[in-house]
Amino acid sequence: MAVQPNHFYASALKHADQNKQLIFTTGKTKSLQINAKASNARQLIQSGAIQPFTPKEAAAAMKEGFMLLDIRPIWETEKARVKGSLHVPLFVEDKDYSAITLLKKWVHFGYIGLWTGQKFTMFNPNFVRQVEAAVPDKESKLLVACGEGLRSMMAASKLYEGGYRNLGWLAGGFNRATEGDFPEIEGKEKLQYATIGGVSYYFLRLLLLLQAVGKSD
């Protein structure tokens, strides 16, 4: 029976999402803001104000003038990124070292960080300003992308609020990408696996090895 890394990855994401809900019960306001942004983004996509693209459609969209805006944190883009893409992170590492934040970081590490390798983050307060500095023309076509699609939905919503009107969204994120969807990838990992870290990364490597062995038999 062939091992399916995508099934493993979906399970890892489900595990991480469930634990994120536990961790951020102490930050209810933050959770409400995230849910509100995601809900607003879905409405914009459904109305056609933000255009969805699958990874297979992304290369054609870029040839038609869309600039790929990668909003993943830097530790993900360092692993793999599309050559020529613009990088402005929606979330940045939270470097507050107050007692309560240190406690949250410890809980985060136990529930999420150890498993996924994700750091304790906060919204980038300068996100829209940084995009404006890189792309001042708000009529520019921007294809907003992340690993799974949720963070890029929130980013697209913020950019729409900031006055950008030619926005695209990478549906499903880079995790749904397959070989050849993007013309050139930089970094040491495959684009679809760049979100995976921590202990789950070693499980992934083991599953890929078992898959390769299974195909050779």
Side-chain angles (χ1 to χ4, degrees), residues 5-6 9 13 34 37-38 40-93 117-119 121 123-197:
N6 288 338
Y9 185 69
L13 284 179
I34 291 175
K37 288 291 182 188
N40 184 47
R42 290 189 186 97
Q43 292 174 5
L44 291 170
I45 292 167
Q46 290 170 357
S47 70
I50 296 176
Q51 186 177 356
F53 293 93
T54 66
K56 290 191 180 299
E57 297 168 337
M62 292 164 68
K63 288 181 180 178
E64 294 172 1
F66 273 91
M67 177 185 294
L68 186 64
L69 173 59
D70 189 340
I71 60 88
R72 295 175 299 159
I74 190 169
W75 51 89
E76 291 183 28
T77 59
E78 286 176 341
K79 293 179 183 178
R81 59 201 168 274
V82 177
K83 186 175 181 179
S85 58
L86 172 65
H87 176 232
V88 181
L90 179 64
F91 289 93
V92 293
E93 185 177 2
Q118 290 292 333
K119 299 181 181 181
T121 60
F123 272 116
N124 178 2
N126 300 313
F127 172 72
V128 175
R129 287 195 293 272
Q130 289 172 352
V131 174
E132 288 172 338
V135 189
D137 182 4
K138 295 192 175 181
E139 294 302 315
S140 300
K141 295 180 177 180
L142 293 177
L143 176 54
V144 190
C146 68
E148 305 90 16
L150 178 59
R151 293 171 294 181
S152 53
M153 257 202 290
M154 292 186 286
S157 176
K158 289 179 73 70
L159 291 172
Y160 189 87
E161 291 173 1
Y164 288 90
R165 289 296 179 267
N166 290 314
L167 294 170
W169 168 64
L170 189 67
F174 292 126
N175 295 344
R176 296 292 181 90
T178 56
E179 299 292 337
D181 285 348
F182 294 94
E184 193 168 353
I185 306 299
E186 298 176 324
K188 61 182 180 180
E189 295 290 344
K190 289 189 175 182
L191 190 60
Q192 59 267 43
Y193 300 146
T195 306
I196 304 175

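Source: prediction; values computed, not measured. Numbers here simply count residues along the sequence, with the first being 1.
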Trainee: Could you pull out the closest heavy-atom pair between Ile50 and Ser157, with the gap in Å?
Mentor: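 Shortest heavy-atom separation between Ile50 and Ser157 comes out as CD1-N, 4.3 Å.
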Trainee: Working to the nearest 0.5 angstrom, can you tell me the gap between Leu159 CG and Leu44 CG?
Mentor: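 Rounded to the nearest 0.5 Å, the CG-CG separation comes out at 11.0 Å.
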Trainee: Keeping Trp169 on the side-chain end and Ile45 on the backbone end, is there a donor-acceptor pair under 3.5 Å?
Mentor: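 Such a contact is absent between Trp169 side chain and Ile45 backbone.
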Trainee: Find out whether Thr178 and Gln192 are in side-chain contact, i.e. whether some heavy atom of one side chain is under 4.5 Å from a heavy atom of the other.
Mentor: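 With C-beta onward as the side chain, the pair stays apart.
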Trainee: What do you reckon, is NZ of Lys138 surrounded by more than 12 foreign heavy atoms closer than 6.0 Å?
Mentor: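 It does: Lys138 NZ has more than 12 such atoms within range.
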Trainee: Counting distance only, does the side-chain N/O of His87 pair as donor-acceptor with the main-chain N or O of Leu69 below 3.5 Å?
Mentor: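 No; zero donor-acceptor contacts below 3.5 Å.
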Trainee: Counting distance only, does the side-chain N/O of Ser47 pair as donor-acceptor with the main-chain N or O of Gln43 below 3.5 Å?
Mentor: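 A pair under 3.5 Å: yes.
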Trainee: Is there side-chain contact between Met154 and Leu90, with heavy atoms separated by less than 4.5 Å?
Mentor: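 Yes. Closest side-chain heavy atoms under 4.5 Å.
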Trainee: Less than 4.5 Å apart, any side-chain heavy atom of Phe174 and any of Glu148?
Mentor: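 A side-chain contact is absent here, since even the closest heavy-atom pair is not under 4.5 Å.
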Trainee: May I ask you to decide if the ring planes of Phe53 and Phe66 are parallel, tilted or perpendicular, using 30° and 60° as cut-offs?
Mentor: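 Rings of Phe53 and Phe66: perpendicular, as their planes differ by over 60°.
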Trainee: Is there a donor-acceptor contact under 3.5 Å linking the side chains of Ser85 and Asp70?
Mentor: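 Looking only at side-chain atoms, Asp70 and Ser85 do not form any donor-acceptor pair under 3.5 Å.
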Trainee: Are Lys188 and Glu78 within salt-bridge range, i.e. N to O under 4.0 Å?
Mentor: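 The answer is no: the pair does not qualify as a salt bridge.
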Trainee: Hey, are the side chains of Val131 and Leu142 touching, using non-hydrogen atoms and a 4.5 Å cut-off?
Mentor: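 Of all side-chain heavy-atom pairs linking Leu142 with Val131, at least one is under 4.5 Å.
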Trainee: Is the shortest side-chain heavy-atom distance between Leu68 and Leu86 below 4.5 Å?
Mentor: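 In short, these two side chains do not touch, never coming nearer than 4.5 Å.
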Trainee: For the rings on Phe127 and Phe91, is their centre-to-centre separation under 6.0 Å?
Mentor: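 Here the rings of Phe91 and Phe127 have centres that are no less than 6.0 Å from each other.
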Trainee: Minimum heavy-atom separation for Ser152 to Ile71, with atom names?
Mentor: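 What the structure gives for the nearest pair is N-CD1, 3.8 Å.
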Trainee: Taking side chain as C-beta onward, heavy atoms only, is Tyr164 less than 4.5 Å from Glu132?
Mentor: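 Answer yes - side chains close enough.
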Trainee: Counting only N and O atoms by type, is there a donor-acceptor contact under 3.5 Å from the side chain of Arg81 to the main-chain atoms of Thr77?
Mentor: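 Yes, the answer is positive, given that a donor and an acceptor are paired below the 3.5 Å cut-off.
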Trainee: Determine, for Lys79 against Glu189, whether the closest basic-nitrogen to carboxylate-oxygen distance falls under 4.0 angstrom.
Mentor: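 No.
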Trainee: Taking all heavy atoms of Ala59 and all of Pro183, pick out the closest pair and write down the distance.
Mentor: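 Heavy atoms only, the tightest pair is CB-CD, 4.4 Å.
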Trainee: How close do Arg165 and Tyr160 get, heavy atom to heavy atom, and via which atoms?
Mentor: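 So the minimum-distance heavy-atom pair works out to NH1-O, 2.6 Å.
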Trainee: Taking all atoms of both residues into account, what is the closest heavy-atom pair of Ala156 and Leu167, and its distance?
Mentor: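 Between these two residues, the closest heavy atoms are O-CD1, 3.5 Å.
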Trainee: To the nearest 0.5 Å, tell me how far Leu170 CG sits from Glu57 CD.
Mentor: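 Output value for this atom pair is 9.5 Å.
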Trainee: Rounded to the nearest 0.5 Å, what separation is found between the CD1 atom of Ile185 and the CD atom of Glu179?
Mentor: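 Ile185 atom CD1 to Glu179 atom CD measures 8.5 Å (nearest 0.5 Å).
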Trainee: Between Leu143 and Met67, is any pair of side-chain heavy atoms under 4.5 Å apart?
Mentor: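 No; the side chains remain at least 4.5 Å from each other.
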Trainee: Main chain of Glu139, side chain of Asn166: is a donor-acceptor contact present, judged purely on distance under 3.5 Å?
Mentor: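 Here the side-chain-to-backbone pair exists.
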Trainee: For Val128 versus Lys158, what's the shortest heavy-atom pair and its separation?
Mentor: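 Heavy atoms of Val128 and Lys158 come nearest at CG2-O, 4.0 Å.
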Trainee: Are the charged groups of Lys141 and Glu64 less than 4.0 angstrom apart, N to O?
Mentor: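 No.
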Trainee: Apply side chain to side chain contact (heavy atoms under 4.5 Å, CB included) to the pair Met153 and Val144, showing each step before the final yes or no.
Mentor: CA-CA 8 Å; Met153 257 202 290; Val144 190; over 6 Å; no
